[in-house]
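Here the structure is a predicted model, which is why all the values come from computation and not from measurement.
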Amino acid sequence: MSKQTIFDKIWARHVVHDVPEGPSVLYIDRHFIHEVTSPQAFGGLKKRGAFVFRPEKTIATADHNVPTVDQHLTIQEELSRVQVEKLKQNCHENNITLYGLNHPFNGIVHVIGPELGITQPGMTIVCGDSHTSTHGAFGSIAFGIGTSEVEMVLSSQCLMQTKPKRMRINIDGRLGKGVLSKDIILYIISKISTGGATGYFVEYAGSAIRNLSMEARMTICNMSIEMGARGGLIAPDDVTFDYMRGREFSPRDDQWERMLEYWKTLPSDPDAEFDKELFFKAEEIEPMITYGTNPGMGTGITGRIPLIEEVDPSSRASYKKSMDYMDFSPGDPLTGKKVDYVFVGSCTNGRIEDLRDFADFVKGRKKSADVEVWIVPGSRQVEKQADEEGIKQVLEDAGFEIRQPGCSACLAMNEDKIPEGKYAVSTSNRNFEGRQGPGARTMLASPLTAAAAAITGKVTDPRTLL
Amino acid sequence: MPIEKFSTLVSKCVPLPIENVDTDQIIPARFLKATTREGFGANLFRDWRYDKTGKPKEDFVLNSKRYSGHILVAGKNFGSGSSREHAAWAIKDYGFKVVVSSFFADIFKNNALNNGLLTVQVSDLFLEKMFVRTESDPSTEVKVDLENQKISLLPGGPEDIFEISQYKKKCLINGYDDIDYLLSLKNKIIEWEKNTLS
Ligand code: SF4
């Protein structure tokens, strides 16, 4: 059948059953779990007397609620320790592979899936975490689910899903110097708002996307949820295949060849139809930074915070609340604002390329004495590679240290909390009130913009220092 | 396992006219450390509801004596952000049975419905009317009629019609849960695996 989008092709292949006047029963190829959103699902399963149907298709890691120092010691905080131990017990009882703390494959769930080759094109992938959309960068249908849905997948390897509408976002042209993929996605969200893609599954396309590395593509797909989309994906191509070849769980030999044949059939047909299509020019994108309390409240770094008159009348009350929280004044420029903390990490920008970008920038410079900087690799493998490549050394020479992997200040469930009232430039994905700690004020940006802030102690256009 | 059945509810409501209420506000991450589903209501809207010392903030609606009821009415794009189902649990645990907004984030909506918490999506105009009316008269009652997919301010309207998947509607009215349904399909799933995965 022609005229199908990549989304349509993968979806159709995974429908087990269509409920009359209802959702589809969708088969799930890969299920990732972690300590925070899974215990109640295992609890529910037990209560029902049900069991894990396909344990080999679920992979577990401990990431959300783990310390980023002294991981070899017992977790100090009791509730966190209980949660991590509960995961261990649940995995053990149900024959599920766990890459727990101190395992060489441990790390943030959306970092380890791709780096281990578990994430593959054409798959359906879910996890009880909204940034599961990250895996869409490989050309898969990947999306976040709630705990009841985790229980559904554990018990039946299926989910009840209503097919979302399809949107394609095209970004063509060449990115300017100092502009990273994080800036592309922050730019798109600032244009279409945090609800702009609700009800849609997004395909990212266009020459600017094709020219991105795999890791940069993951950053884009990762933040699809921040515009409300169910997920986001990018058709697989040679960049994808080159990245995957030889990874721990990637197919090998004959099987690789067979899968490759299939993967190559996935891209949307030339005449495929989308419910909505948007177009952006890469040249118009600057390094981005957010000034408010949702990821859509962002601007080019040389821009200023909108005046109240520029905000839609119905949104003005929420806008004022947001400005009060950030203690920013409408009309203010962003550059020059004081920065107290810098956080580099998360499933958005905690991969090796992100650390490379940061390290290249700070090489030969010195960390500002006024800023506290937390650099948290996305996984043990990233940590190891950073050491082997000499990134760790470069960072140390510039006055920085690398912590141990985990979600850390991205959601501030562990000890890594930005103190109340302090300003953080953060490479993570959410600037909600209190996201990085009660009262913390977050400005989202790319690893380069984070590096510029770490050196100068202020919001700084990284291009002025390149 | 059955979920709580829902057919019709008449109740006063609690207005929260803020847009883009994300699940980090509904239940901050530091309260997600429990391994059961109960008790999250105590920390619902924690940082809006209490100050640092744990004292209730008087200007927050949940602490206001003016408002009570089982219906939470919130600004558009409610429940965005994290997929944490704890947000739906917290709202339900607090005592709400319905959330009304002019727009819901997808995952939140699914999570809510999976827990028998009804999400009612109304027009922007109707939402505005609800806010205005409850502001001037907090004793206003609202009727939510799931069978007829109708929500009305009592007495005398106005009213609005809301959409819901017919499958989900049936589940809520009868108290069915998706997992029971999926478990009943096991043979079909095994059959599908045989045909597709080999
Ligand atoms: S890094 Fe942040 S967004 Fe990513 S999985 Fe962890 S908590 Fe979720």
Side-chain angles (χ1 to χ4, degrees), chain A residues 13 16-17 19 21-23 25 27 36-37 39-40 43-44 47-48 50 53 64-65 79-80 82-83 86 128-130 144-149 151-152 155-158 160 162 164 194-195 198-199 225-226 228 230 294 314-315 317-318 321 411-413 417 420 430 432-435 438-439, chain B residues 1 17-25 28-30 32-37 46-48 52 75-77 80-89 103-108 110-112 114-115 124 128 165-168 170 177-183 185-186 188-189 191-193 196-197:
Chain A
R13 197 182 141 87
V16 174
H17 175 69
V19 181
E21 276 196 282
V25 174
Y27 193 84
V36 177
T37 59
Q40 292 88 351
K47 239 194 222 159
R48 246 175 245 275
F53 179 51
H64 278 62
N65 196 6
L79 289 173
S80 307
V82 169
Q83 215 169 35
K86 192 90 197 156
D129 183 283
S130 55
I145 57 178
T147 298
S148 296
E149 292 172 312
E151 192 178 335
M152 291 177 208
S155 61
S156 69
Q157 206 56 39
C158 288
M160 315 278 290
T162 307
T194 51
T198 301
I225 183 71
E226 301 327 327
R230 204 73 184 86
N294 74 54
S314 72
S315 303
S318 301
K321 186 174 184 304
L411 91 167
M413 241 189 117
K417 294 179 175 58
E420 179 172 359
R430 287 185 174 142
F432 298 149
E433 285 183 33
R435 170 78 179 185
Chain B
M1 274 182 308
I18 299 170
E19 296 181 353
N20 303 314
V21 174
D22 58 79
T23 52
D24 273 86
Q25 305 319 313
R30 62 187 191 281
L32 306 185
K33 301 190 183 201
T35 50
T36 62
R37 293 174 188 240
R46 175 74 197 205
D47 294 335
W48 288 352
K52 266 184 296 186
K76 75 166 178 243
N77 197 25
S80 55
S82 154
S83 64
R84 59 188 69 161
E85 194 161 312
H86 313 65
W89 299 335
F103 201 73
F104 288 96
D106 273 339
I107 307 183
F108 176 80
N110 283 346
N111 287 343
N114 282 334
N115 286 278
D124 284 319
E128 189 54 36
S165 126
Q166 294 309 299
Y167 165 81
K168 271 291 165 201
K170 209 162 90 191
D177 131 334
D178 281 355
I179 302 178
D180 287 335
Y181 182 80
L182 286 170
L183 289 175
L185 288 184
K186 268 282 170 72
K188 197 163 188 157
I189 297 169
E191 185 67 26
W192 181 92
E193 283 180 327
T196 317
L197 300 182

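Side-chain atoms of B:K168 and A:P23, non-hydrogen and from C-beta on, never get closer than 4.5 Å to each other. Put simply, the side chain of A:F432 does not reach to within 4.5 Å of the side chain of B:T23, judged on heavy atoms. Contact of the A:H17 side chain with the B:I189 side chain is not registered, since no non-hydrogen atoms from C-beta on lie closer than 4.5 Å. Looking only at side-chain heavy atoms (C-beta outward), A:S148 and B:D178 stay at 4.5 Å or farther from each other. Side-chain contact between A:V25 and B:K188 is absent, with no heavy-atom pair separated by less than 4.5 Å. A:E226 is not listed as a side-chain neighbour of B:S80, based on a closest heavy-atom distance of 4.5 Å or more.
Nearest heavy atom pair, residue A:P39 against residue B:A34, reads CG-O, 4.5 Å. Between A:R13 and B:W192, the closest heavy-atom pair is O-CZ2, 3.1 Å. Across B:N20 and A:N294, no two heavy atoms sit closer than the pair ND2-ND2, 3.5 Å. Among all heavy-atom pairs drawn from B:I179 and A:S155, the shortest one is CG2-OG, 3.6 Å. Heavy atoms only, all atoms of each residue included: A:G128 and B:S83 are closest at C-OG, 3.6 Å. Minimum interatomic distance between B:L182 and A:C158 (heavy atoms only, all atoms of both residues): CD1-O, 3.7 Å.
Scored by the ring-ring contact (aromatic ring centres under 6.0 Å, His included) test, B:F104 finds no partners at all (sequence neighbours excluded). With sequence neighbours excluded, the residues forming a ring-ring contact (aromatic ring centres under 6.0 Å, His included) with B:H86 are B:F40, B:W89, listed by chain and number.
Interatomic distance, CG of B:N114 versus CD1 of A:I145, reported as 10.0 Å (0.5 Å rounding). In this structure, CG in B:D22 is found 8.5 Å from CZ in A:R435, a value given to the nearest 0.5 Å.
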Original post:
What's the verdict on side chain to side chain contact (heavy atoms under 4.5 Å, CB included) for B:L185 and A:S156, showing C-alpha distance, side-chain angles and the deciding distance?
Top reply: CA-CA 8 Å; B:L185 288 184; A:S156 69; over 6 Å; no

Original post:
Please walk me through it: do B:Y167 and A:T162 pass side chain to side chain contact (heavy atoms under 4.5 Å, CB included)?
Top reply: CA-CA 10 Å; B:Y167 165 81; A:T162 307; over 6 Å; no

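Of the atoms belonging to A:S314, heavy atoms from both backbone and side chain fall under 4.5 Å from chain B. Contacts between B:D124 and chain A at a heavy-atom distance below 4.5 Å are absent for every atom of the residue. For B:K76, the part lying near chain A is the side chain, with the backbone staying farther off; criterion is any non-hydrogen pair under 4.5 Å. The part of A:R430 that comes within reach of chain B is its side chain, from C-beta onward, which places non-hydrogen atoms under 4.5 angstrom from that chain. Looking at B:T35, both its backbone and its side chain come within 4.5 Å of chain A, counting heavy atoms on both sides. Within the 4.5 angstrom heavy-atom criterion, atoms from both the backbone and the side chain of A:V16 approach chain B. If you measure heavy-atom distances from A:L411 to chain B, the contacts under 4.5 Å come from both the backbone and the side chain. Heavy atoms of B:Q25 lying under 4.5 Å from chain A belong exclusively to its side chain.
Look at A:E433 and B:R46 and you find no salt bridge, because none of the NZ, NE, NH1 or NH2 atoms lies under 4.0 Å from a carboxylate O. Using a 4.0 Å cut-off between a side-chain N of Lys or Arg and a carboxylate O of Asp or Glu, B:D180 and A:R48 qualify as a salt bridge. The residues B:K52 and A:E420 are annotated as salt-bridged, a charged nitrogen and a carboxylate oxygen being separated by less than 4.0 angstrom.
Contact count versus chain A (heavy atoms, under 4.5 Å) is highest, among B:R84, B:R37, B:E191, for B:R37. For the set B:G75, B:G81, B:A88, the entry with the most heavy-atom pairs within less than 4.5 Å of chain A is B:G81. Your options are A:G43, A:G195, A:S130, and the one with the most heavy-atom pairs under 4.5 Å with chain B is A:S130. Counting heavy-atom pairs closer than 4.5 Å to chain B, the top-ranked of the candidates A:I225, A:V19, A:T37 is A:V19. Taking A:K321, A:E21, A:M160 one by one and counting their heavy-atom pairs under 4.5 Å with chain B, the maximum is reached by A:M160. Most heavy-atom pairs under 4.5 Å with chain B, from the set A:S315, A:P164, A:G144: that is A:S315. If you tally non-hydrogen atom pairs under 4.5 Å between each of B:K186, B:E128, B:Q166 and chain A, the highest count goes to B:K186.
A distance-only check finds no donor-acceptor pair linking the side chain of B:E19 to the backbone of A:S318 [under 3.5 Å]. With hydrogens and angles disregarded, a donor-acceptor distance shorter than 3.5 Å links the side chain of B:D106 to the backbone of A:G199. B:K33 contributes no side-chain N or O that, together with a main-chain N or O of A:N65, makes up a donor-acceptor pair within less than 3.5 Å.
Residues B:N77 and A:T198 bring no donor and acceptor atom of their side chains to less than 3.5 Å of each other.
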